[in-house]
Amino acid sequence: MSGKRKDYISWDEYFMGVALLSGMRSKDPNTQVGCCIVDQDNKILSMGYNGLPKGCDDDEFPWIREGENPLETKYVYTVHSELNAILNYKGGSLEGSKIYVSLFPCNECAKAIIQSGIKEVIYGDDKYHETHGVIASKRMFDAAGVRYHPYHWTDREVKFKI
Ligand SMILES: O=c1ccn([C@H]2C[C@H](O)[C@@H](COP(=O)(O)O)O2)c(=O)[nH]1
Ligand SMILES: [Zn+2]
């Protein structure tokens with residue numbers, strides 16, 4: 001008996017937890033996406049969430065989904081979580097890393113994931129699985145040899161306290 005704690009969180013819970021916590025920074029009222037990029041030694045390389053580019057004020061730009069004028073919707077301005085995490089990384093190569101992300105990546109993020117050398121995607125939700133974007137993502141991941149699989153949710157509740 002070493003006396004070691006038994007109820008510590010797993011690596012998967014840790015990294016998806018970091019992804020979800022990152023997503024909580026998002027100002028998007030409908031879908032908050034967070035992600036966490038991890039290397040083969042379980043070191044966190046980068047994190048991201050969906051938000052506006054630097055210099056674009058959260059209070060000045062629109063967050064709505066639909067409108068007569070597409071320029072008054074969020075879609076044309078938001079930087080996606082995965083792209084933010086890839087662009088935020090200042091350490092060199094992401095080759096061989098994996099990404100934990102709360103939502104299955106869209107086709108634009110899939111392209112960035114493939115080109116940056118990320119080899120595995122662990123996703124929390126796949127609510128847009130019927131869209132052309134996600135279907136295209138899966139086709140590209142399959143062709144490029146990027147593995148993807150859903151995160152196995154546990155019934156662990158996380159409460160923050162000190
Ligand atoms: O790969 C992705 C796909 C989407 N996002 C972001 C972009 C938007 O801010 C939301 C999606 O909003 P909906 O209202 O659900 O259409 O998610 C992302 O970060 N990464
Ligand atoms: Zn995307």
Side-chain angles (χ1 to χ4, degrees), residues 11-39 44-153 158:
W11 286 118
D12 268 0
E13 288 175 306
Y14 178 39
F15 298 134
M16 188 53 91
V18 169
L20 295 172
L21 193 62
S22 302
M24 291 171 76
R25 283 281 308 149
S26 175
K27 317 301 182 306
D28 191 318
N30 193 52
T31 305
Q32 302 84 46
V33 185
C35 71
C36 174
I37 303 177
V38 179
D39 75 7
I44 294 177
L45 301 177
S46 192
M47 289 165 275
Y49 59 88
N50 49 333
L52 293 173
K54 280 179 202 163
C56 301
D57 191 330
D58 290 336
D59 294 315
E60 300 294 327
F61 281 77
W63 287 105
I64 56 171
R65 306 181 78 217
E66 283 166 21
E68 269 178 37
N69 183 356
L71 289 175
E72 289 308 320
T73 73
K74 64 181 177 180
Y75 293 108
V76 287
Y77 304 108
T78 316
V79 184
H80 289 190
S81 163
E82 304 91 312
L83 190 61
N84 258 332
I86 290 167
L87 295 174
N88 286 344
Y89 183 56
K90 296 288 183 282
S93 174
L94 294 171
E95 192 65 44
S97 60
K98 52 187 175 178
I99 185 166
Y100 289 76
V101 58
S102 57
L103 180 67
F104 199 96
C106 75
N107 57 311
E108 293 301 327
C109 290
K111 295 175 200 173
I113 287 169
I114 292 166
Q115 293 303 79
S116 67
I118 296 171
K119 289 288 183 281
E120 189 175 346
V121 177
I122 301 100
Y123 59 93
D125 188 10
D126 195 9
K127 66 177 177 175
Y128 293 132
H129 65 277
E130 286 175 338
T131 63
H132 289 130
V134 170
I135 293 167
S137 293
K138 290 175 182 170
R139 181 172 174 182
M140 289 188 280
F141 285 154
D142 289 339
V146 174
R147 298 181 300 280
Y148 50 90
H149 53 89
Y151 174 71
H152 298 295
W153 294 97
V158 179

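Counting starts at 1 for both ligands and their atoms, following the listed order.
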### Query
Against heavy atoms of Thr78, which atoms of ligand 1 measure under 4.0 Å?
9 (O)
### Query
To which protein heavy atom is atom 6 (C) of ligand 1 closest, and what is the distance rounded to 0.1 Å?
Asn50 ND2, 3.5 Å
### Task
Looking only at N, O or S atoms, find the one in His80 nearest to the Zn ion (ligand 2) and name it.
ND1
## Note on the structure
min-distance protein heavy atom vs atom 16 (O) of ligand 1 -> Tyr75 OH, 2.4 Å
### Query
Counting from 1, what ligand 1 atoms have a heavy atom of Tyr128 closer than 4.0 Å?
13 (P), 15 (O), 16 (O)
### Message
Under a 4.0 angstrom heavy-atom cut-off, which atoms of ligand 1 come close to Thr31?
### Response
10 (C), 11 (C), 12 (O), 13 (P), 14 (O), 15 (O)
### Task
Just jot down the ligand 1 atoms closer than 4.0 angstrom to any heavy atom of Lys74, in number order.
12 (O), 13 (P), 14 (O)
### Message
Only heavy atoms of Cys106, strictly under 4.0 Å: list the atoms of ligand 1 that pass.
### Response
1 (O), 2 (C), 3 (C)
### Message
If we set the cut-off at 4.0 Å for heavy atoms, which region of Glu82 has an atom near ligand 1: side chain, backbone, both, or neither?
### Response
side chain
### Message
Only heavy atoms of Asp28, strictly under 4.0 Å: list the atoms of ligand 1 that pass.
### Response
8 (C), 9 (O), 10 (C), 12 (O)
### Query
Below 4.5 Å, heavy atoms only, C-beta onward: do His80 and Val101 meet side chain to side chain?
no
#### Entry: Part of His80 within contact of ligand 1 (heavy atoms, under 4.0 Å)
both
### Task
If you have a sec, read the angle at the Zn ion (ligand 2) from Cys109 atom SG over to Cys106 atom SG, to 10 degrees.
120°
### Query
Rounded to the nearest 0.5 Å, what separation is found between the CG atom of Asp28 and the CD1 atom of Ile64?
12.0 Å
### Message
Less than 4.5 Å apart, side chain to side chain, heavy atoms only: is that true for Ile118 and Val146?
### Response
no
### Query
Can an N or O of Ser81 be found at a distance shorter than 3.5 Å from an N or O of ligand 1?
yes
### Query
Once the angle between the rings of Tyr14 and Trp11 is folded into 0 to 90°, is it parallel (under 30°), tilted (30 to 60°) or perpendicular (over 60°)?
tilted
### Distance in Å, Lys111 NZ paired with Leu83 CG, rounded so as to fall on 0.5 Å steps
11.5 Å
### Task
Specify side chain, backbone, both or neither for Tyr49, according to which of its non-hydrogen atoms lie closer than 4.0 Å to ligand 1.
neither
### Message
Could you check whether any side-chain heavy atom of Tyr128 comes within less than 4.5 Å of a side-chain heavy atom of Leu103, counting everything from C-beta outward?
### Response
yes
### Task
Output the distance between atom CG (Leu21) and atom OH (Tyr49), rounded to the nearest 0.5 Å.
11.5 Å
### Query
Which of the atoms of ligand 1 are close to Asn30, meaning less than 4.0 Å from one of its heavy atoms?
13 (P), 14 (O), 15 (O)
### Query
With a 4.5 Å heavy-atom cut-off, do Glu82 and Glu108 have their side chains touching?
no
#### Entry: Donor-acceptor pair, side chain of Thr78 and main chain of Asn50, under 3.5 angstrom
no
### Query
Quick one: do the Asp142 and Tyr148 side chains pair a donor with an acceptor below 3.5 Å?
yes
### Task
Run the numbers for me: atoms of ligand 1, each under 4.0 Å from some heavy atom of Pro105, listed by number.
1 (O)
